[in-house]
Chemist: 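This is the structure, below, for whatever I ask next.
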Amino acid sequence: MDLSHLSLAQAADLLRKRSLSAVELTRFFLERIATDNAALNAYITVDEAGALQAAQAADDRLARGEATPLTGIPLAIKDLFCTQGLRTTCASRMLANFHPPYESTVTRRLKEAGAVVLGKTNMDEFAMGSSNETSFFGPARNPWGHDRIPGGSSGGSAAAVAAGLCLAALGTDTGGSIRQPAAMTGITGLKPTYGRVSRFGMIAFASSLDQAGPMTRSVEDAALLLQTMAGHDPLDSTSIDAPVPAYWDDLTTGVPAAERVKNMRIGIPAEYFADGLAAPVRQAVEQAIATFQDLGAHCQPVSLPCTAYAIPTYYVIAPAEASSNLARYDGVRFGHRCADPLDLRDMYARTRSEGFGAEVKRRIMLGTYVLSSGYYDAYYRKAQKVRRLIADDFRAAFAQVDLLLTPTAPETAFRIGEKNDDPVRMYLSDIFTINVNLAGLPGLSLPCGFDEHPLPIGLQLIGRPLQEATLLAAGHAFQQATDWHQRRPS
Ligand code: GLN
């Protein structure tokens with residue numbers, strides 16, 4: 001049997017029946033990683049010993065009949081979640097040898113449920129990028145075409161899920177980093193509402209935007225991970241203290257998704273179908289709209305007039321927060337330190353010059369500039385005001401509809417190296433995802449077709465705050481009616 005593309009429920013079932021042990025399943029993935037990771041560069045660190053130990057503990061727990069559906073499930077973790085004792089690099093030279101003394105809340109919850117961590121996945125340095133090319137450890141590659149980017153910043157997680165080098169993975173999304181790579185690799189990615197999932201132990205990029213979420217092969221799998229990851233955490237002051245629905249139980253045993261999608265009102269924002277949208281993407285997304293109509297949803301045009309301001313607003317706010325968050329990497333407390341500093345100033349300067357890559361430096365300079373006195377009002381404060389207008393656009397749209405449907409990205413995966421000389425072209429990759437972070441809303445990317453290469457195409461569903469269950473129901477109904485999510489790279 002090919003274990004590489006089992007659904008989480010199928011894997012849990014095999015484990016519970018003892019047709020398969022967690023150690024066997026883990027070994028299976030470790031062997032696949034050993035043969036296939038060199039070509040994809042999806043993992044930065046593989047934790048063979050830790051994974052086998054966790055798998056053994058899972059088998060013991062299964063034998064005692066104390067398993068959860070995640071017990072013994074092999075996962076890949078983006079390398080910006082702190083994992084106690086296991087190297088966590090954020091794909092930066094700055095943290096190339098950092099072994100965190102504590103565990104992120106999200107990984108702790110998954111481990112407590114019995115999940116097995118196979119290793120830490122490649123990403124853009126400090127999650128700054130849309131292609132995985134800013135990684136200190138070299139680019140990850142797209143399983144659908146090794147000369148193509150897998151998207152970013154969670155490109156390693158996306159590549160690992162698409163290529164069957166894990167059953168599911170964790171990503172983070174500040175401006176699209178779960179959804180855009182999901183679209184580029186033909187998988188499912190969910191960015192929850194800001195505050196739904198704890199940020200404790202996630203290495204911070206832009207704290208008012210960062211959010212962790214599942215990257216999986218199906219909506220059903222995403223629901224299972226979210227159910228375990230989500231919830232209030234006293235260690236994160238921005239985490240929301242609201243009950244966590246049993247997303248997965250509701251999806252699999254509640255009112256059928258096909259019933260729930262009937263009569264849902266889906267808004268199609270005109271601004272997301274403007275010039276610059278690649279023809280195959282437009283076609284596939286229009287086809288998906290027709291599928292939702294066939295399922296009984298009512299699709300209607302809506303307008304989000306501030307859409308065009310997303311990129312400039314984000315590239316003030318995110319670098320501003322990054323410049324502050326990254327001030328801690330000074331060579332004093334942890335991380336890289338330059339050799340033989342002459343004095344403190346020299347140590348700061350050389351440590352940061354050596355430790356950070358070009359894109360991270362660009363963001364630190366941008367952020368420092370927009371926060372500096374004399375420019376603060378013109379840039380940072382103004383961006384905050386526009387952010388409010390963007391959120392107001394969504395609020396107005398959600399007065400008319402239950403969710404929004406858009407393309408996830410304007411085009412399919414581009415070639416490695418294609419956009420390296422032009423940061424603005426690279427930044428435009430996130431034109432459809434960034435507003436969702438600025439407004440703090442949940443967004444789900446689903447595979448909905450292929451272009452001529454063939455490279456995968458993704459559609460995005462956007463929901464009201466804390467309405468992940470609505471997104472999951474709509475996404476699940478779509479996946480029951482289509483088989484895009486079951487296609488695999490050869
Ligand atoms: N690509 C965007 C950026 O470079 C978003 C990255 C992210 O979501 N972490 O900032």
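This one's a predicted model, so the numbers in the text were calculated from it and none came from an experiment. We count ligands from 1, going down the list as the structure has it; atoms in each ligand are counted the same way.
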Chemist: Decide, yes or no, whether a salt bridge links Lys111 with Glu103 under the criterion of side-chain N to carboxylate O below 4.0 Å.
Modeler: yes
Chemist: Hey, does the side chain of Arg196 reach the backbone of Ala230 with a donor-acceptor pair shorter than 3.5 angstrom?
Modeler: no
Chemist: What atoms of ligand 1 come closer than 4.0 angstrom to any heavy atom of Ser130?
Modeler: 1 (N)
Chemist: Going by heavy atoms, is Met426 under 4.0 Å from ligand 1?
Modeler: no
Chemist: Do any nitrogen or oxygen atoms of Phe205 lie less than 3.5 angstrom from nitrogen or oxygen atoms of ligand 1?
Modeler: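 Such a contact does not occur with ligand 1.
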Chemist: List every atom of ligand 1 that sits less than 4.0 Å from any heavy atom of Tyr315, numbering the atoms from 1 in the order shown and giving each element.
Modeler: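 Per the distance check, 2 (C), 3 (C), 4 (O), 10 (O).
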Chemist: Only one of Gln211, Glu468, Arg464 clears side-chain contact (heavy atoms from CB on, under 4.5 Å) with Pro442; which?
Modeler: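 The side-chain contact (heavy atoms from CB on, under 4.5 Å) with Pro442 is passed solely by Glu468 among Gln211, Glu468, Arg464.
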Chemist: Where does the angle between the aromatic ring planes of Tyr376 and Tyr380 fall among parallel (under 30°), tilted (30 to 60°) and perpendicular (over 60°)?
Modeler: tilted
Chemist: Would you please classify the geometry between the Phe126 ring and the Phe356 ring as parallel, tilted or perpendicular, with 30° and 60° separating the classes?
Modeler: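 Perpendicular.
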Chemist: Are the charged groups of Asp210 and Arg199 less than 4.0 angstrom apart, N to O?
Modeler: no
Chemist: Considering only protein heavy atoms, which is closest to atom 1 (N) of ligand 1, and at what distance to one decimal place?
Modeler: Asp430 OD2, 2.5 Å
Chemist: Which of the numbered atoms in ligand 1 are under 4.0 angstrom from any heavy atom belonging to Ala127?
Modeler: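 This gives 6 (C), 7 (C), 9 (N) as the contact atoms.
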Chemist: Measuring from non-hydrogen atoms of Tyr427 to any atom of ligand 1, is the shortest distance under 4.0 Å?
Modeler: no
Chemist: May I ask you to identify the nearest protein heavy atom to atom 9 (N) of ligand 1, giving residue, atom name and distance to one decimal place in Å?
Modeler: Ser177 OG, 2.7 Å
Chemist: Verify whether one side chain among Thr412 and Asp451 offers a donor that lies under 3.5 Å from an acceptor in the other.
Modeler: yes
Chemist: Heavy-atom contact under 4.0 Å between Gly129 and ligand 1?
Modeler: yes
Chemist: Nearest protein heavy atom to atom 10 (O) of ligand 1, by residue and atom, and its distance?
Modeler: Tyr314 OH, 2.6 Å
